[in-house]
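Below is one structure, written out as structure tokens; comments come after it.
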Amino acid sequence: MAEPTPDAGARTAALRRSPLAHLEERMRAAAVSGSRGVTLAEWPFITMVNLRVDPASEAADRIEKALGAPLPRQCGHTAASGPHTVVWLGPDEWLVLSQAEGTAVAAELRDALAGAAGSVVDVSANRTTLELSGPAARQVLEKGCPLDLHPRAFGPGQAVSTTVGPVAVLLWQVDGAPTYRLFPRSSFADYLARWLIDAMSEYRGPEVP
């Protein structure tokens, strides 16, 4: 089999189409400004690597050194360092979100695992990322999310698996604006984006006393 040319990867990347590219203009048009403002956008092609390892093992220590961040030990917790954010998924499972190239991140973590019990899988194509932000963002999510999203219960840096509408997502609150990032499976992203656009529409009008 012929080896790929050096620029084959770049050409392939240029041809990629995100799951929500067809809704880009519609999401932009749905933006609401002002005190009840809220915006929605897709952040495509973020690197996502699923990691499983015994958190008490030497392999976990090596992985933490490779990431430059501790593996969170509790539900809802995240840890960040440089281009990486590590999200707790279970007692021995995490999702590494990164701005670095997926193949390189996965390779570095496999090297750190060094054959120990566990797994490192690049799942970047499995999900896409939606960012919902603005003063009304929490109220929009509360229309279809069963979590208590009030700041007393959920705040910046927390991430949990939940549902928004009928769609299963990983929900991460990035900051206090508030800004949320939602990670649905790519095949459900269109439905979720349309659901959010519809939920945002009421905030164009004045608040009902």
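Residue numbers start at 1 and run along the sequence shown.
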Those residues at least two apart in sequence (or on a different chain) that pass salt bridge (charged side-chain N to carboxylate O under 4.0 Å, His left out) with Glu42 are none

Looking only at side-chain N and O atoms, does Thr103 offer a donor or acceptor that is under 3.5 Å from a partner on Glu101?
yes

task = Could you verify whether a donor N or O on one side chain and an acceptor N or O on the other, from Ser98 and Thr47, lie under 3.5 Å apart?
result = no

Contacts table for residues 164-174: side-chain donor-acceptor under 3.5 angstrom, sequence neighbours left out:
unit_1	atom_1	unit_2	atom_2	d
Gln173	NE2	Asp175	O	3.0

Quiz item: Within a strict 4.5 Å, meaning less than it, do heavy atoms of the Phe154 and Tyr180 side chains meet?
Solution: yes

| said: Does this structure show an ion pair linking Glu24 with Arg17, if we count only N-O contacts that are shorter than 4.0 Å? | reply: no

Query raised in the report: Between Met48 and Val53, is there a shared hydrophobic cluster once you connect ILVMFWY residues whose side-chain heavy atoms come closer than 4.5 Å?
Result: no

With side chain to side chain contact (heavy atoms under 4.5 Å, CB included) as the criterion, how do Leu40 and Leu130 come out once you've worked through the C-alpha distance, each side chain's angles and the decisive distance to 0.1 Å?
CA-CA 7 Å; Leu40 179 66; Leu130 279 162; 3.8 Å; yes

Smallest heavy-atom separation, Gly176 atom then Pro156 atom, equals N-CG, 3.7 Å

Q.
A side-chain contact here means heavy atoms from C-beta on lying under 4.5 Å apart; do Met27 and Leu20 qualify?
A. yes

Check whether any side-chain heavy atom of His77 lies under 4.5 Å from a side-chain heavy atom of Gln158, and answer yes or no. no

When you measure from the side chain of Ser133 to the backbone of Thr39, do you find a donor-acceptor pair of N or O atoms at a distance under 3.5 Å? no

_Strictly distance-based, threshold 3.5 Å: is any side-chain N or O of Arg52 a donor or acceptor partner for the main-chain N or O of Glu93?_
no

Interatomic distance, CG@Leu147 vs SG@Cys145, rounded to 0.5 Å, equals 4.0 Å

Margin query: Given 3.5 Å as the limit, does a donor-acceptor pair link the side chain of Arg36 with the main chain of Glu202, or not?
Written below: yes

Within a strict 4.5 Å, meaning less than it, do heavy atoms of the Phe45 and Ser18 side chains meet?
yes

Would you call Asp198-Arg194 a salt bridge at under 4.0 Å N-O? no

Would you please test Val105 and Glu108 for side chain to side chain contact (heavy atoms under 4.5 Å, CB included) and show each step?
CA-CA 5 Å; Val105 174; Glu108 184 176 18; 5.8 Å; no

message = What verdict does the side chain to side chain contact (heavy atoms under 4.5 Å, CB included) test give for Leu51 and Leu71, after you've listed the backbone C-alpha separation in whole Å, the side-chain angles of each residue and the deciding distance to 0.1 Å?
response = CA-CA 10 Å; Leu51 168 66; Leu71 296 175; 3.8 Å; yes

For Leu182 and Leu132, what are the C-alpha separation, side-chain angles and deciding distance, and is it a side chain to side chain contact (heavy atoms under 4.5 Å, CB included)? CA-CA 8 Å; Leu182 298 85; Leu132 186 75; 4.2 Å; yes

Are Val49 and Ile46 connected into the same hydrophobic cluster when the rule is that any two of I, L, V, M, F, W, Y join if their side-chain heavy atoms are below 4.5 Å apart? no

- Message: Strictly distance-based, threshold 3.5 Å: is any side-chain N or O of Ser81 a donor or acceptor partner for the main-chain N or O of Ala69?
- Response: no

Arg185 meets the salt bridge (charged side-chain N to carboxylate O under 4.0 Å, His left out) criterion, sequence neighbours left out, with none

Note: Ala193 and Leu23 closest approach over all heavy atoms is CB-CD1, 3.9 Å

Linked, directly or transitively: Val160 and Val96 (ILVMFWY side chains, under 4.5 Å): no

Arg127 and Phe183 have their tightest heavy-atom pair at NH1-O, 2.9 Å

